[in-house]
A.B. asks: 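Before we start, here is the structure in question, set down as C-alpha cells.
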Amino acid sequence: MSKTIEEINQKIKRGEAVVFTAEEIIGVVKEKGLKRAAEEVDVVTTGTFGPMCSSGAYFNIGHSKPRIKLGGGRSYLNDVPAYTGLAAVDLFLGATAMPDDDPRNKVHPGEFNYGGGHVIEELVAGKDIRLEATAYGTDCYPRKKLETWINIKDLNEAVLFNVRNAYQNYNVAANLSNKTIYTYMGMLKPNLGNITYCSAGQLSPLLNDPFYKTIGIGTKIFLGGGTGYVAWQGTQFNPTTARAENGVPKGGAGTLAVIGDLKQMSPRWLVGTSMLGYGPTLTVGIGVPIPILSEEILQYTTVTDDQIIGTIVDYSDAYPNRRNESVGEVTYAQLKSGKVTVQGKKVPTASLSSYPRAAEIANTLKDWIKAGKFELTQPVASLPGVESGVTFKPLNERPIAQ
Amino acid sequence: MVDKKIVLRFPKRLVDRPIVSHLIKDHDLEFTILKASVTQDEEGLMVLELKGKQEEYEKGIAYLKEAGVILESLSQDVTRNEERCTHCGACITVCPVGAFELDMVTRQTSFHDKKCIGCGICIKTCPPRAMELHF
C-alpha cells in the first residue's frame with residue numbers, strides 16, 4: 001500500500017485524517033501491526049522544545065521621516081545589538097547577541113540574563129521594544145540618529161529565521177575534570193558528577209525520519225506556536241554521522257533551517273534562555289508532521305527511546321579541544337531513567353530540552369491536522385541524504401603570515 | 001514533633017559567641033547545619049534544620065531571639081515562577097539536596113520547597129530563569 005500527500009490532504013479537508021503523535025504510534029503499531037497501521041494512519045506528529053542558539057529574526061521597521069539608513073550603522077533593540085549589514089531599514093537579531101555592557105564572563109560564570117532570545121520573546125509577547133540607532137547619513141538618507149519604541153504589530157515584516165534547529169540527536173555531556181564547568185549543556189559537576197542531554201528522543205522530528213524520506217525543503221511545520229516551513233538543510237548538516245543498525249544517528253546529524261511569520265507565533269514557544277557561564281539563547285518549539293506514505297516510513301516513526309543511542313562527550317577537555325573521543329554510549333531510555341552507569345559510576349542525568357512541551361507540540365499539531373486547520377506540503381527539494389557525501393568539516397585553519 | 005528549617009542572621013557582635021552550642025545544650029533539639037558563612041560585613045549567616053518537641057523548639061527560638069539573632073523562615077525564600085518553568089528538568093542534577101523531582105510518567109519536574117535549603121544555585125542555572133529568590 002502507498003498513499004500520497006494529496007490523498008492525505010483530502011482526508012484532512014474532510015476531517016477524516018487519522019493522526020497520532022510519535023509517542024502514541026509506538027503502541028498503535030504494536031497493537032495493529034505495521035501493515036494494518038500503515039493503511040489506517042495518515043500522519044505522525046513530532047515535537048521538540050529546547051535551546052537552539054542558531055536562531056534569530058529579521059524585521060523591516062518602516063521608513064522614518066526624514067529617512068535613515070540603518071545599514072552600515074549601529075542599531076540596538078533593548079540594548080542588544082542587531083545586525084545592520086542590510087538595506088536601509090532591515091535588521092537581523094540573533095538569539096545569542098547581548099548588550100555591549102554585559103559583563104560576559106569577566107566574573108566567571110557570567111549570568112547572561114538578557115540577550116537576543118529575550119528580545120524576540122518580548123517582541124512576540126507584544127511588548128514595546130526600544131530601538132536606538134546611529135547612522136552616517138547620506139543625501140537620500142540624511143538622518144543620523146533614531147530613538148523610538150517599536151512594536152511587532154507595526155513592523156512591515158517580522159520573520160523568525162533559524163539557520164540551525166532541531167538537531168537529529170546530539171552529544172550527551174559529561175565532565176571528567178576535577179572542577180565544575182559551565183557549558184551550553186548546562187552546569188557540569190566535576191568527576192562525572194552529572195550528565196546532561198538535549199533531545200526529545202522518540203518525539204524528535206528528524207529521529208522519526210532518519211533518512212529524510214518525507215521532511216524536505218518546503219515542509220510545513222509547527223514553529224514557535226505558529227506555522228513555518230523548512231527553508232533549507234540546517235548548517236552543520238551531517239547525514240554521514242555514524243548510525244545504529246536501525247538507521248538512527250548516534251550523534252548530531254541532520255539539522256533544519258526554518259522560517260516563519262513571527263507575528264503569529266507565541267512567547268510560550270519562543271522562550272528567552274540563559275546558560276550560566278555560556279550566554280543567552282532562545283528555546284524554540286518545533287513540530288514536524290510525517291505523512292505515512294508507506295510501511296517503511298511508518299516503521300521509522302515507531303522508534304523508541306531505548307533504540308536511540310547518544311554518545312557521551314567530555315566537555316572539560318575532548319570537546320573544547322575538538323578531539324573526537326567518546327566516554328561511552330547510552331540510550332535515551334537510560335538517560336530518562338534519571339541515572340546512567342559510566343565508567344563504573346552511577347551518574348545522575350538531567351535534560352535541557354523539555355519533553356512535556358515536546359509532547360504538547362506534537363499533540364497541538366495533531367489537533368490542528370485533525371481539525372482540518374493544517375494541511376501537509378510536498379517538499380520542493382530533498383535534504384541531502386547519506387549518499388550525498390555531505391559532511392560537517394572542521395575549520396581548515398591557515399595562519400596568516402604577518 | 002517539629003521539623004523546621006530556619007535562617008539565622010548573627011549581627012557582628014554575636015559572631016564569636018557560642019549561641020548554637022547553648023541552643024542545643026539547653027534544649028532537647030536535634031540540629032543539622034545546612035549552610036554557614038560569615039559575610040563581608042562580618043555578619044554570620046546560618047541555615048539550620050531543627051527537630052524536637054514543639055515546646056523545646058519554641059523555647060529554643062525564644063532563646064535565639066533574646067540573644068539578638070535575627071530569624072527568618074526559609075521555605076518561602078525560593079519559589080518557582082510556574083509561567084516561566086518549561087519543565088526541561090535542567091535543575092534536577094544541579095540542586096545539592098534533591099529538591100527537584102522528575103515524574104517518570106509525565107516528565108514534569110516538581111519543586112519541593114520543604115527540602116530547599118535556599119543555596120540559590122538553581123536561580124542562576126535555570127535556563128528560562130524560572131526560579132526566584134525572595135529576601
Side-chain angles (χ1 to χ4, degrees), chain A residues 23 49-51 109-114 117-118 121 173-175 180 182 184-189 193-198 200-201 203 267-278 280-283 285 305 335-339 347-360, chain B residues 33-41 45 47 77-135:
Chain A
E23 201 176 52
F49 188 68
E111 294 187 22
F112 304 104
N113 288 318
Y114 198 82
H118 300 83
E121 181 191 329
N175 173 12
T180 300
Y182 301 88
Y184 69 84
M185 293 296 286
M187 185 181 102
L188 295 169
K189 297 187 197 173
N194 63 340
I195 271 183
T196 59
Y197 61 98
C198 192
L203 263 178
R268 180 168 172 80
W269 301 110
L270 293 172
V271 178
T273 298
S274 306
M275 300 308 295
L276 183 66
Y278 182 75
T281 182
L282 183 69
T283 295
D305 285 328
L335 287 167
K336 285 183 176 175
S337 76
K339 269 195 176 140
V347 186
T349 60
S351 169
L352 297 173
S353 87
S354 169
Y355 193 83
R357 288 286 190 95
E360 194 180 327
Chain B
I33 300 173
L34 301 171
K35 186 175 175 177
S37 63
V38 177
T39 67
Q40 280 177 341
D41 301 328
L45 174 89
V47 182
D77 285 355
V78 176
T79 57
R80 184 165 75 179
N81 179 335
E82 298 297 339
E83 286 206 356
R84 277 212 78 74
C85 174
T86 66
H87 293 273
C88 67
C91 48
I92 286 177
T93 59
V94 163
C95 176
V97 293
F100 296 96
E101 192 187 5
L102 183 66
D103 183 313
M104 288 298 166
V105 179
T106 64
R107 309 301 299 178
Q108 302 254 347
T109 304
S110 49
F111 171 53
H112 301 293
D113 61 359
K114 288 227 162 66
K115 280 191 183 175
C116 173
I117 56 168
C119 73
I121 199 163
C122 58
I123 312 284
K124 292 175 183 176
T125 49
C126 167
R129 296 291 188 264
M131 300 306 296
E132 294 167 357
L133 191 59
H134 301 277
F135 293 100

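First the proteins, then the strands, lettered A, B, ... as listed; each starts at 1. Heavy atoms only: backbone and side chains are in, while hydrogens, waters and symmetry mates are out. Treat the numbers as computed from the prediction; the structure is a model and nothing was measured.
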A.B. asks: Heavy-atom distance under 4.5 Å to chain B: side chain of A:T281, backbone, both or neither?
C.D. replies: neither
A.B. asks: Can you find a heavy atom in the side chain of A:V271 that is under 4.5 Å from one in the side chain of A:L282?
C.D. replies: no
A.B. asks: Which bit of B:C91 is near chain A, if near means a heavy-atom gap under 4.5 Å: side chain, backbone, both or neither?
C.D. replies: neither
A.B. asks: Under 4.5 Å heavy-atom distance to chain A, tell me which part of B:R129 shows up: side chain, backbone, both or neither.
C.D. replies: side chain
A.B. asks: What pair of heavy atoms forms the shortest contact from A:L352 to B:A90, and how long is it?
C.D. replies: CD2-CB, 3.7 Å
A.B. asks: Is the closest side-chain heavy-atom distance between B:S110 and B:F100 below 4.5 Å?
C.D. replies: no
A.B. asks: Measure distances from A:F49 to the heavy atoms of chain B and classify the residue's part below 4.5 Å as side chain, backbone, both or neither.
C.D. replies: side chain
A.B. asks: Decide if atom NZ of A:K336 counts as having more than 12 heavy atoms of other residues, nucleotides or ligands within a radius under 6.0 Å.
C.D. replies: yes
A.B. asks: Should we count CD of B:E82 as having more than 12 external heavy atoms under 6.0 Å?
C.D. replies: yes
A.B. asks: Non-hydrogen atoms of chain B under 4.5 Å away: do they reach the side chain of A:P51, the backbone, both or neither?
C.D. replies: neither
A.B. asks: Can you tell me which portion of B:T86 sits under 4.5 Å from chain A's heavy atoms? Options are side chain, backbone, both or neither.
C.D. replies: both
A.B. asks: With side chain to side chain donor-acceptor pair (under 3.5 Å) as the test, would you mind laying out the steps for A:E360 and A:Y355 before giving the verdict?
C.D. replies: CA-CA 9 Å; A:E360 194 180 327; A:Y355 193 83; over 6 Å; no
A.B. asks: Identify which part of A:T283 has an atom lying under 4.5 Å from any heavy atom of chain B, answering side chain, backbone, both or neither.
C.D. replies: neither
A.B. asks: I want to check something: taking the side chain as every heavy atom from C-beta on, are B:F111 and B:V78 in contact at a cut-off of under 4.5 Å?
C.D. replies: yes
A.B. asks: Can you tell me which of A:G272, A:P109, A:G50 forms the most heavy-atom pairs within a distance under 4.5 Å of chain B?
C.D. replies: A:G272
A.B. asks: With a 4.5 Å cut-off on side-chain heavy atoms, are A:T349 and A:T196 touching?
C.D. replies: no
A.B. asks: With only heavy atoms counted, which part of A:Y184 is less than 4.5 Å from chain B, the side chain, the backbone, both or neither?
C.D. replies: neither
A.B. asks: Name the member of A:G117, A:S274, A:A359 that forms the most heavy-atom pairs with chain B at distances under 4.5 Å.
C.D. replies: A:S274
A.B. asks: Quick check for you: among A:R268, A:K189, A:M275, which has the greatest number of heavy-atom pairs under 4.5 Å with chain B?
C.D. replies: A:K189
